[in-house]
S.K.: 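What follows is a single structure, and I will ask about it in a moment.
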Amino acid sequence: MALPRLIYRLALGLIVLSSQGCWNRPAAEAPRKLNLYQNWAVRPGDDVVGYSVRGGLGDIAVDVRGKAIYMPFNGRVQPEEGFDSQCVILSSPEVPAYLFRICGLRKPRLGEQRQGDSIGSGEVVAFATLRKQTDGTWAMVEPAKDLLVRFLSKS
């Protein structure tokens, strides 16, 4: 008889905690539309005979084997509009002329993040660095190796 009473108390406690907002729920984050300067026929998020494309021209795919990806700067993580949460966009006031797109994260942490925070994990993750153009579009540029190191190791 003591076990059912314990289970009842634990369930009641969980209901009380969840109703008080003590669970760490991801913040609702508006998708960000990314207006690319370059367009290619195959892009991350596309489906090719049942396989999901994780990267494209301009992306660097890294086999991270389920390990965490870290925030390289203080900033914000948003889902990319139209990619069903397969790609996220990172922005930071520390590097305002750049955006970073990451595709292939499982359960990405959205919203404001601090440098060194884990923003998700994945198997094969594709990274892209984008630089703002004078016309307001974003062009893919080669990501610096030291930047990839910051994404892949906690700083």
Side-chain angles (χ1 to χ4, degrees), residues 14 16-48 50-155:
L14 289 173
V16 169
L17 284 174
S18 66
S19 68
Q20 295 177 352
C22 292
W23 290 61
N24 185 12
R25 290 184 218 128
E29 193 65 41
R32 181 170 186 153
K33 182 168 177 56
L34 189 58
N35 188 12
L36 287 176
Y37 177 76
Q38 311 100 318
N39 284 307
W40 294 285
V42 180
R43 297 176 33 131
D46 286 352
D47 181 82
V48 178
Y51 294 96
S52 178
V53 175
R54 295 286 185 219
L57 194 58
D59 293 279
I60 292 181
V62 179
D63 183 0
V64 295
R65 299 180 301 267
K67 294 191 175 136
I69 304 301
Y70 300 98
M71 191 71 176
F73 313 100
N74 292 335
R76 185 175 182 189
V77 178
Q78 296 172 271
E80 184 176 0
E81 184 178 274
F83 282 92
D84 300 327
S85 300
Q86 291 185 25
C87 297
V88 294
I89 303 294
L90 280 65
S91 57
S92 172
E94 296 177 39
V95 285
Y98 291 91
L99 292 177
F100 307 96
R101 181 176 69 190
I102 302 176
C103 300
L105 290 178
R106 287 188 305 258
K107 299 180 185 177
R109 288 187 55 202
L110 303 175
E112 294 295 324
Q113 305 295 326
R114 299 194 50 80
Q115 181 178 344
D117 286 349
S118 170
I119 57 172
S121 63
E123 293 302 319
V124 176
V125 178
F127 298 89
T129 301
L130 302 112
R131 179 156 173 75
K132 190 164 191 155
Q133 304 298 292
T134 55
D135 66 359
T137 60
W138 295 89
M140 290 196 178
V141 296
E142 183 178 11
K145 190 173 183 180
D146 63 329
L147 179 63
L148 285 174
V149 168
R150 292 177 80 172
F151 276 114
L152 298 170
S153 55
K154 191 170 182 149
S155 48

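Just so you know, residue 1 is the first one in the sequence shown, and it goes up from there.
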S.K.: Please report the shortest heavy-atom distance between L105 and G120, naming the atom on each side.
M.R.: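 It is CD2-C, 3.9 Å.
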S.K.: As an exercise, state the distance from CZ of R32 to CD of E80, rounded to the nearest 0.5 Å.
M.R.: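 Separation between the atoms: 10.0 Å.
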S.K.: Is Q133 reaching over with its side chain to a backbone N or O of R131, donor-acceptor style, under 3.5 angstrom?
M.R.: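 Yes: the side chain of Q133 pairs with the backbone of R131.
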S.K.: Which atom names give the shortest non-hydrogen contact between G116 and Y70, and what distance separates them?
M.R.: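 Taking every non-hydrogen atom into account, O-CD2, 3.4 Å.
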S.K.: Which value, rounded to the nearest 0.5 Å, describes the distance between L148 atom CG and T129 atom OG1?
M.R.: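 So the CG of L148 and the OG1 of T129 are separated by 7.0 Å.
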S.K.: Using the side chain to side chain contact (heavy atoms under 4.5 Å, CB included) rule, take Y98 and L147 through it: C-alpha gap first, then chi angles, then the decisive distance, then the call.
M.R.: CA-CA 12 Å; Y98 291 91; L147 179 63; over 6 Å; no
S.K.: Counting distance only, does the side-chain N/O of E94 pair as donor-acceptor with the main-chain N or O of N74 below 3.5 Å?
M.R.: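 Yes, E94 side chain to N74 backbone: donor-acceptor pair under 3.5 Å.
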S.K.: So, the side chain of Q78 versus the backbone of A30: is there a donor-acceptor pair under 3.5 Å, distance only?
M.R.: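 Such a contact is found between Q78 side chain and A30 backbone.
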S.K.: Taking only residues at least two apart or on different chains, which pairs with a member in residues 56-67 satisfy salt bridge (charged side-chain N to carboxylate O under 4.0 Å, His left out)?
M.R.: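 Those involving residues 56-67 are D59-R101.
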S.K.: Could you report the tightest heavy-atom contact between A128 and M140, atom names first, then the distance?
M.R.: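 Heavy-atom minimum between the residues: CB-CE, 4.2 Å.
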S.K.: Is a side-chain N or O of S91 found less than 3.5 angstrom from the main chain of L99, in a donor-acceptor match?
M.R.: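 Absent.
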S.K.: If you look only at pairs with a residue in residues 113-128, which of them pass as a salt bridge (charged side-chain N to carboxylate O under 4.0 Å, His left out), with sequence neighbours excluded?
M.R.: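 The answer is R106-E123.
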S.K.: Determine the interplanar angle of the F100 and F151 rings, folded into 0 to 90°, and report it as parallel if under 30°, tilted if 30 to 60°, perpendicular if over 60°.
M.R.: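 Perpendicular.
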S.K.: With salt bridge (charged side-chain N to carboxylate O under 4.0 Å, His left out) as the rule and sequence neighbours excluded, what pairs involving residues 143-155 come up?
M.R.: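 Of all non-adjacent pairs touching residues 143-155, none passes salt bridge (charged side-chain N to carboxylate O under 4.0 Å, His left out).
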S.K.: Taking all non-hydrogen atoms of both residues into account, name the closest pair between G66 and S121 and its distance.
M.R.: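 Heavy atoms of G66 and S121 come nearest at O-CB, 3.5 Å.
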S.K.: Indicate the atoms forming the closest heavy-atom contact of W138 with A97, along with that distance.
M.R.: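 Answer, listing the atom of W138 first, then A97: CZ3-O, 3.5 Å.
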S.K.: Only one of V88, I102, L90, I69 forms a side-chain contact (heavy atoms from CB on, under 4.5 Å) with P108, so which one is it?
M.R.: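 Considering V88, I102, L90, I69, a side-chain contact (heavy atoms from CB on, under 4.5 Å) with P108 is found only for V88.
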S.K.: Could you check whether any side-chain heavy atom of M71 comes within less than 4.5 Å of a side-chain heavy atom of Q115, counting everything from C-beta outward?
M.R.: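 SC-SC contact between M71 and Q115 ruled out.
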S.K.: Is the closest side-chain heavy-atom distance between V77 and R109 below 4.5 Å?
M.R.: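 No - every pair of side-chain heavy atoms lies 4.5 Å or more apart.
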